[in-house]
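Have a look at the structure below, then the notes.
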Amino acid sequence: MYQEERLIQIMRYLEEHHRISVDEICDQLAVSRDTARRDLVKLEEQKAIVRTRGGAILPSRHQEVLDYSRRLQTVSDEKKQIGELAASLIQQGDTIILDASTTVQACANAMSQRSVNVMTNSIHQAEILSSKPEVDIQLLGGLLQKEHGFLYGTSVIERLRQFHVKKAFIGVVGLSERGLTIAHEEDGMVKRNMIQQAEQVIVLADHTKIGETELFRFAELKDVDLIITDQVPSEEFQTVLKREQVELMVTP
């Protein structure tokens, strides 16, 4: 096997398992320890890995958080499917929270004509739902984050604390063993309080969010009841979800 082929195999393993040892490279690729180390040196030179004592890990990646309109176009088909599946869980008479994420917007779009009471801090969600006559909307007032269209601040949090809802639909930028993360602390503080006021917490996350970690952690996995996504995650992450008693739904 040529070195280029070995490097591909090593990277594939890392994408799935996040770390690899020299011994694992030797066993899987039938090479010597010296060859395994040379392969790791090559990948390090390409900035594809970070070498550790006895092996390597993937470098941490920081996702650029696009503005709202550009995020709507990212994996939009997947978000639409996730939103439709999420909306199917909403029952007549439900009281729900919708946060300000674009994946949750797909849920708002897909909501059928049912009598539902919705709380949201998103001007986009409120605009969409205003065309659905049977939906009552409580727009949580506060400071407006113009680029992403969400309301935040102490007035939003204080109003949230006065309510108790059946379901909260929450979007993320990162979803991993480390928890639920977001780029903006202000948005994260609102999401944290949304979670605390709901009987059932439902996270909507397309496959690009799983395994990622952003700047601000607003919740742990144990705070989540259900995750809806579009691809089956790795066995390793499924094991973590089972340990934390988080259910998983994957779109057809």
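Worth saying up front: this structure is predicted, and the values here are computed from it rather than measured. Throughout, numbering of the chain's residues begins at 1 and tracks the sequence.
- Closest approach of Q81 and P252 over heavy atoms only: OE1-O, 4.3 Å.
- Sorted by first and then second residue, the side chain to side chain donor-acceptor pair (under 3.5 Å) pairs with a member in residues 235-245 read E177-R243; sequence neighbours excluded.
- Listed here is the closest heavy atom pair of M194 and L98: CE-O, 4.1 Å.
- Salt bridge present: R37 and D34 bring a charged side-chain N and a carboxylate O closer than 4.0 Å.
- Between L144 and Y152, the shortest heavy-atom distance links the atoms C-CE2, 4.1 Å.
- Residues L180 and V224 have side chains in contact (heavy-atom distance under 4.5 Å, counting atoms from C-beta outward).
- Annotation: the span from L215 atom CG to T181 atom OG1 amounts to 9.0 Å, rounded to 0.5 Å.
- Once rounded to the nearest 0.5 Å, the distance linking NZ of K191 with CZ of F150 reads 8.5 Å.
- For the pair G141 and L151, the tightest heavy-atom approach, listed with the atom from each and the gap, is CA-CD1, 4.4 Å.
- No side-chain heavy atom of V250 sits less than 4.5 Å from a side-chain heavy atom of D230.
- The structure places OG of S112 at 8.0 Å from NZ of K132, a figure rounded to the nearest 0.5 Å.
- One side chain, T213 or S176, offers a donor N or O that lies under 3.5 Å from an acceptor on the other.
- Residues C26 and A36 come closest through the heavy atom pair SG-CB, 4.1 Å.
- The backbone N or O of K80 sits nowhere less than 3.5 Å from a side-chain atom of E78 that would complete a donor-acceptor pair.
- Two residues are said to be in side-chain contact when any heavy atoms from C-beta on lie closer than 4.5 Å; T120 and D99 fail this criterion.
- Listed by first and then second residue, the salt bridge (charged side-chain N to carboxylate O under 4.0 Å, His left out) pairs that reach into residues 161-175 are D94-K167, E158-R161, K166-E199, sequence neighbours excluded.
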Check against side-chain hydrogen bond (donor to acceptor under 3.5 Å, both in side chains), Y13 and E24:
CA-CA 10 Å; Y13 186 92; E24 286 169 331; 3.3 Å; yes

Report the C-alpha distance between Q3 and R38 in whole Å, list the side-chain angles of each, state the deciding distance to 0.1 Å, and finish with yes or no for side-chain hydrogen bond (donor to acceptor under 3.5 Å, both in side chains).
CA-CA 9 Å; Q3 185 182 46; R38 283 195 294 270; over 6 Å; no

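- Side chain of R192 to main chain of R217: a donor-acceptor pair is present (N/O by atom type, distance under 3.5 Å, no hydrogens or angles).
- Under the 3.5 Å distance criterion, the side-chain polar atoms of R114 are matched with a main-chain donor or acceptor of I90.
- Under the 4.5 Å side-chain criterion, counting only non-hydrogen atoms from C-beta, T102 is in contact with K79.
- In this structure, CD1 in I182 is found 7.5 Å from OG in S101, a value given to the nearest 0.5 Å.
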Determine whether Q145 and D187 satisfy the following criterion, side-chain hydrogen bond (donor to acceptor under 3.5 Å, both in side chains), listing intermediate values before the conclusion.
CA-CA 9 Å; Q145 210 286 349; D187 193 14; over 6 Å; no

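- No side-chain heavy atom of V118 sits less than 4.5 Å from a side-chain heavy atom of D136.
- The side-chain heavy atoms of I49 and I57, taken from C-beta on, include no pair separated by under 4.5 Å.
- Here NE2 of H184 is found 15.5 Å from CE of M189. Values are rounded to the nearest 0.5 Å.
- Using a 4.5 Å heavy-atom cutoff, the side chains of E247 and I227 are not in contact.
- D206 approaches T229 most closely through the heavy-atom pair C-OG1, 3.7 Å.
- With values rounded to the nearest 0.5 angstrom, L204 atom CG is found 10.0 Å from K209 atom NZ.
- Between I170 and I195 there is a side-chain heavy-atom pair separated by less than 4.5 Å.
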